[in-house]
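Here's the structure we're looking at; comments come further down.
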Amino acid sequence: MAEHSPQQRLIALLSSKQEMLRRMPWRSKKDRVLMEPFRSVSAELELSDPGIAGGGAGDVIKKWVQQVTEISRDVEDMLEETHSMSSSSGSSILSTINYVLFGRRRMAKQVEHIISRIDTIKLRLSLLANLDDRESPANATRYRMDDRQLDPLSLDVEALGVDSCRDKLKLWLLDTTPGLTLVSVVGTAGVGKTTLVRSVYNEPLVRGRFRCHAWVTVGGAASSSSAAALLLKRIMLQVFLERPEMPVNADSMEEMQLADTVARYLRDKPYLVVLDDVWSSDVWDYLSVALPNNGLGSRIVVSSRVPDIGSHCQWAPVVQVLQHSPLDHDGSLRLFRRKALWCSPSTTEAIAEEVELEAIAEEIVRECHGLPLLLVVMGGLMSTKEQSVPAWEAVLGELRRTKDDLQLTLPAVLWFAYNSLPSRLKACFLYFVLFPRTYCAKRTALIRLWIAEGFVHKEDGRTLEDTAEEYLKELISRNLVQVTDYYDYGKVRSCSVHDMFREIIIHKSEEENFGTSVTRDVVEGVGANVRRMSIIDAREDFLSDVRATNVRTLFMLGASSSSFLSSISEYKLLRVLDLERAPVDRLPEELPDGLYLRYLSLRNTRISRLPKSVKKLIHLQTLDLKGTYVSELPSGISRLQNIRHLLAYRYYVGRHPPYYYALGVTLPRGIGQLRELQKLTYVEATQENGTLAELGNLTQLKRLGIVKLRKGDGPRLCSSVSQMTELLSLSASSISLDEPLDLCSLNPAPQRLERLYLRGELTKVPRWIFSLHNLVRIRLRGSKLSDDSVNELQSLPVIELALIQAYNGKALHFSEGFSKLQILEIDHLNDLEHMSFGEAMLNIQKMSIRSCGKLNTIPDGIEDLKHLKEIHLFAMPEAMVSSLKDGGTDKHKVEHIPVIRVYNEHRDISSIIL
């Protein structure tokens with residue numbers, strides 16, 4: 001059978017969907033249920049099939065593809081509007097009559113209009129069906145390309161063969177020359193400049209050389225006074241380390257005030273500042289004041305594609321230039337093989353095939369031009385393919401066709417990597433268009449947003465969150481998404497995309513009306529039918545220029561006004577509303593009926609209460625109230641049967657005991673009805689509302705935080721927690737540090753538990769803790785543990801241990817165990833006089849000791865901790881600090897430790913010991 005052309009396949013797909021529309025039972029009372037299967041129309045008409053949407057499709061075909069995509073979204077809008085109307089029609093006789101007489105009639109007219117639009121597209125496609133698919137190449141994208149931070153863990157620096165560059169950069173940073181030195185790392189986009197600099201910047205020996213550090217991505221910043229002010233604020237936040245000297249009026253300062261404040265703070269401190277991705281020498285106009293030549297060996301590192309960018313920095317007496325070039329052929333092939341997970345042959349047949357694979361790999365590597373970004377992307381793609389000649393030849397053929405068809409300013413490898421994504425991942429990848437270029441998306445928020453958008457498909461035996469996590473892992477393994485930060489226990493914390501991929505994301509998002517990110521200065525260029533927007537510091541009347549009825553997702557980032565909330569009823573199809581840090585102090589008392597909201601974030605706003613009408617948000621999956629002033633949730637919250645994540649807390653951080661704790665919210669009766677809940681933090685333990693007992697019904701919980709527990713609450717809480725077999729994180733806090741925390745009766749303990757935070761008097765460690773084989777972090781506060789209890793902890797498999805006001809003994813001896821421990825925190829052990837290590841914690845990397853006023857000597861045995869890279873001492877006795885200085889009695893014990901920092905509780909870092 002002859003293969004159908006893309007046009008013919010598209011016509012057939014359109015005809016089938018057109019017929020489905022005609023057969024829809026619009027007048028059935030059960031039309032909502034019967035319409036559910038039709039929701040796949042939107043996904044199918046996204047036309048992810050490369051044979052239709054990419055590959056041989058020319059400009060004309062792409063125009064029809066775009067129109068069909070618009071139709072699919074209009075169909076989805078219509079279905080959801082019908083769903084909302086039918087859901088609310090039972091609330092009164094009047095609303096039912098309105099739905100029957102007017103709602104269905106309007107739906108029928110919309111269906112007729114959509115069918116007519118499909119007919120028009122089918123006619124035009126039929127005229128093109130016999131034409132050559134490959135017409136003129138697509139227009140070059142009009143957006144900029146630039147380099148973005150590459151994570152050193154996702155891109156193996158050793159595999160790049162740049163040891164000589166790293167050594168040279170490290171030498172310049174560690175050099176003791178007292179004058180200010182600027183190091184300029186230059187090279188083309190995608191060559192790995194940022195990765196190279198980051199790998200050196202993170203080295204303990206380098207970080208220990210300087211007292212203040214800052215890493216900022218510049219890009220187009222500093223091209224205006226407002227952008228320069230933002231750049232200076234970001235530097236300020238990092239160099240001040242949130243010390244008391246941080247100006248309280250920083251947000252209102254102009255750029256020259258900011259520059260002068262930073263300069264005065266740095267004048268007596270050696271500093272290291274990295275300016276990543278500098279486009280223009282205009283940046284020096286503002287930084288010449290902020291970054292002084294203080295004669296203390298300070299260093300500025302710049303990464304840029306502009307070869308002479310460093311020569312414009314007139315006030316730096318020394319300028320070093322490091323040219324970072326693409327890899328040679330052997331280095332390119334080595335990196336590709338590593339990322340492709342290319343296995344060595346083990347049979348005679350495999351050895352013969354190896355020769356053919358080598359030849360194909362040579363061709364693929366040649367298309368990458370020695371750029372590490374392209375090599376790891378192609379390597380990541382090949383790791384998903386069968387290691388066979390036919391499979392690899394197919395990829396090479398597709399890559400060549402992409403190169404022929406897409407004569408764009410970006411390398412064909414990047415377009416090919418995007419087109420090769422499964423359809424389920426394309427929308428997730430395009431979602432990064434909503435995050436500003438210098439913004440790193442948090443993993444947990446990203447997963448919840450994808451689910452709210454409907455990108456994640458249900459899989460048997462897995463939660464939507466687990467499936468979304470796999471989506472993200474696959475994007476990372478393909479090197480399309482980069483990890484920018486990890487938690488100490490190894491999980492991804494935040495991620496971003498390289499700006500060369502951002503170019504593709506912006507281009508495709510504009511083409512498909514997927515979404516856009518706009519700023520205050522943008523007046524035109526926002527599509528009338530755009531579905532998703534992130535608005536960065538926009539003018540108040542901006543939304544009046546956009547068709548609100550089409551907006552599904554709205555991020556208000558730094559918005560100056562929340563007046564749009566008064567017209568929220570216009571946003572019938574809004575799924576995601578993120579108002580983090582917006583100047584919002586109240587929601588409308590009456591939220592509109594039928595609002596399809598699934599994700600609502602009021603994080604760090606001034607909201608103090610939720611209206612009773614929140615019960616109308618029946619589709620809501622995530623409610624984020626973290627950092628607000630909400631202390632009580634209304635009774636209607638128990639009607640939100642679809643809610644999966646309920647975050648409602650803020651932290652107290654102060655100088656007086658108990659120093660740091662979470663403030664939760666009280667829950668109404670009925671919380672146990674929310675069977676889909678997976679994250680619930682933090683709630684107050686109130687017996688009168690039956691909260692502790694109802695928690696036992698929440699068997700899907702993965703994270704639970706509960707505060708204000710009393711001694712008698714323990715057994716009831718344990719009974720409920722024993723039902724939570726999926727629990728990964730548990731935080732339990734007593735009403736005061738003197739109130740016993742009785743958790744001994746927990747049986748069985750959730751075996752998947754990874755993180756445990758206990759605040760309150762324990763006296764002894766509950767036995768069930770020792771059955772937790774997946775535990776990676778434990779933090780104990782106010783526990784009043786005995787010597788025996790501390791010794792028992794050493795058998796735990798944790799990576800991080802914190803003892804905060806948790807032990808009253810005079811001596812703390814770790815004899816053996818803690819074989820996996822990497823981070824130790826000792827805090828406010830007021831009676832502690834001696835501390836020692838035997839054969840314990842041999843893999844520890846970081847240690848902090850704070851406010852142990854009687855501990856006058858560094859712990860014995862610290863010289864045997866060969867992997868220890870950092871010691872941080874906060875408000876410790878002068879006797880200990882003096883013993884570590886040159887000529888001190890304990891200096892020899894810590895000579896192997898690259899970073900030793902000493903902080904005063906009320907002033908900035910008082911000394912740095914190298």
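- Using a 4.0 Å cut-off between charged side-chain N and carboxylate O, Glu726 and Arg752 make a salt bridge.
- Remark: of the listed residues Arg781, Arg779, Arg777, Arg777 is the sole one forming a side chain to side chain donor-acceptor pair (under 3.5 Å) with Tyr757.
- Within the 4.5 Å cutoff, no side-chain heavy atoms of Ser836 are placed close to those of Pro859.
- Under the side-chain contact (heavy atoms from CB on, under 4.5 Å) test applied with Leu647, the options Leu623, Leu625, Val665, Asp624 reduce to a single match, Asp624.
- Arg198 and Thr195 are not linked by any side-chain donor-acceptor pair at a separation below 3.5 angstrom, with hydrogens and angles left out of the test.
- The side-chain heavy atoms of Arg703 and Thr681, taken from C-beta on, include a pair separated by under 4.5 Å.
- Put simply, the side chain of Lys679 reaches to within 4.5 Å of the side chain of Arg448, judged on heavy atoms.
- Across Met847 and Phe837, no two heavy atoms sit closer than the pair CE-CZ, 3.5 Å.
- Asp713 places a side-chain N or O within donor-acceptor distance of the main-chain N or O of Arg710, the cut-off being under 3.5 Å.
- Neither side chain, Ser496 nor Thr484, offers a donor N or O lying under 3.5 Å from an acceptor on the other.
- Under the 4.0 Å criterion applied to side-chain N and carboxylate O atoms, Asp485 and Arg443 are not assigned as salt-bridge partners.
- A salt bridge links Arg424 with Glu474: the closest approach of a Lys/Arg side-chain nitrogen to an acidic carboxylate oxygen falls below 4.0 angstrom.
- No side-chain heavy atom of Leu704 sits under 4.5 Å from any side-chain heavy atom of Ser729.
- Ring orientation note: the planes of Tyr201 and Trp215 are nearly perpendicular, at an angle over 60° on the 30°/60° scale.
- Side chains of Glu465 and His645: a donor on one and an acceptor on the other come within 3.5 Å.
- The closest side-chain heavy-atom distance from Leu812 to Tyr807 is below 4.5 Å.
- Checked by atom type and distance alone, the side chain of Asp742 never pairs as donor or acceptor with a backbone atom of Gly712 at under 3.5 Å.
- Closest approach of Glu754 and Leu775 over heavy atoms only: O-CD1, 3.4 Å.
- One distance of note links NE2 of His872 with OG of Ser848; it measures 7.5 Å at 0.5 Å rounding.
- No side-chain heavy atom of Ile447 sits under 4.5 Å from any side-chain heavy atom of Tyr471.
- Put simply, the side chain of Thr384 never gets that close to the backbone of Gly380: no donor and acceptor are under 3.5 Å apart.
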Which side-chain N or O atoms in residues 634-643 pair as donor and acceptor under 3.5 Å with protein atoms at least two apart or in another chain?
{"unit_1": "Ser638", "atom_1": "OG", "unit_2": "Ser635", "atom_2": "O", "d": "3.0"}
{"unit_1": "Gln641", "atom_1": "NE2", "unit_2": "Ser638", "atom_2": "O", "d": "3.0"}
{"unit_1": "Asn642", "atom_1": "ND2", "unit_2": "Ile618", "atom_2": "O", "d": "2.8"}

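- Counting only heavy atoms from C-beta outward, the side chains of Phe814 and Asn791 never approach each other to under 4.5 Å.
- In terms of modelled atom types and a separation under 3.5 Å, the side chain of Ser720 and the main chain of Leu692 share a donor-acceptor contact.
- The pair Arg767-Glu792 meets the salt-bridge criterion, with a side-chain N (NZ, NE, NH1 or NH2) lying under 4.0 Å from an Asp/Glu carboxylate O.
- Ring-centre distance between Phe455 and Tyr431: below the 6.0 Å cut-off.
- With 3.5 Å as the limit, one finds no donor-acceptor pair spanning the side chains of Gln621 and His619.
- The pair Arg850-Glu825 does not meet the salt-bridge criterion, since no charged nitrogen lies less than 4.0 angstrom from a carboxylate oxygen.
- Side-chain contact between Leu868 and Ile862 is present, with heavy atoms from C-beta onward closer than 4.5 Å.
- With hydrogens and angles left out, the side-chain atoms of His813 and Asp787 include no donor and acceptor closer than 3.5 Å.
- Contact detail for Thr628 and Ile607: the closest heavy-atom pair is CB-O, 3.5 Å.
- Not one N or O on the side chain of Glu800 forms a donor-acceptor pair closer than 3.5 Å with the backbone of Val776.
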Report, one line per pair, each donor and acceptor closer than 3.5 Å where one atom sits in a side chain of residues 839-846; sequence neighbours left out.
{"unit_1": "Asn843", "atom_1": "ND2", "unit_2": "Ser819", "atom_2": "O", "d": "2.8"}

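- Between Arg644 and Glu676, at least one side-chain nitrogen of the basic residue sits less than 4.0 Å from a carboxylate oxygen of the acidic one, meeting the salt-bridge criterion.
- Arg575 places a side-chain N or O within 3.5 Å of a backbone atom of Glu453 that can act as its donor or acceptor partner.
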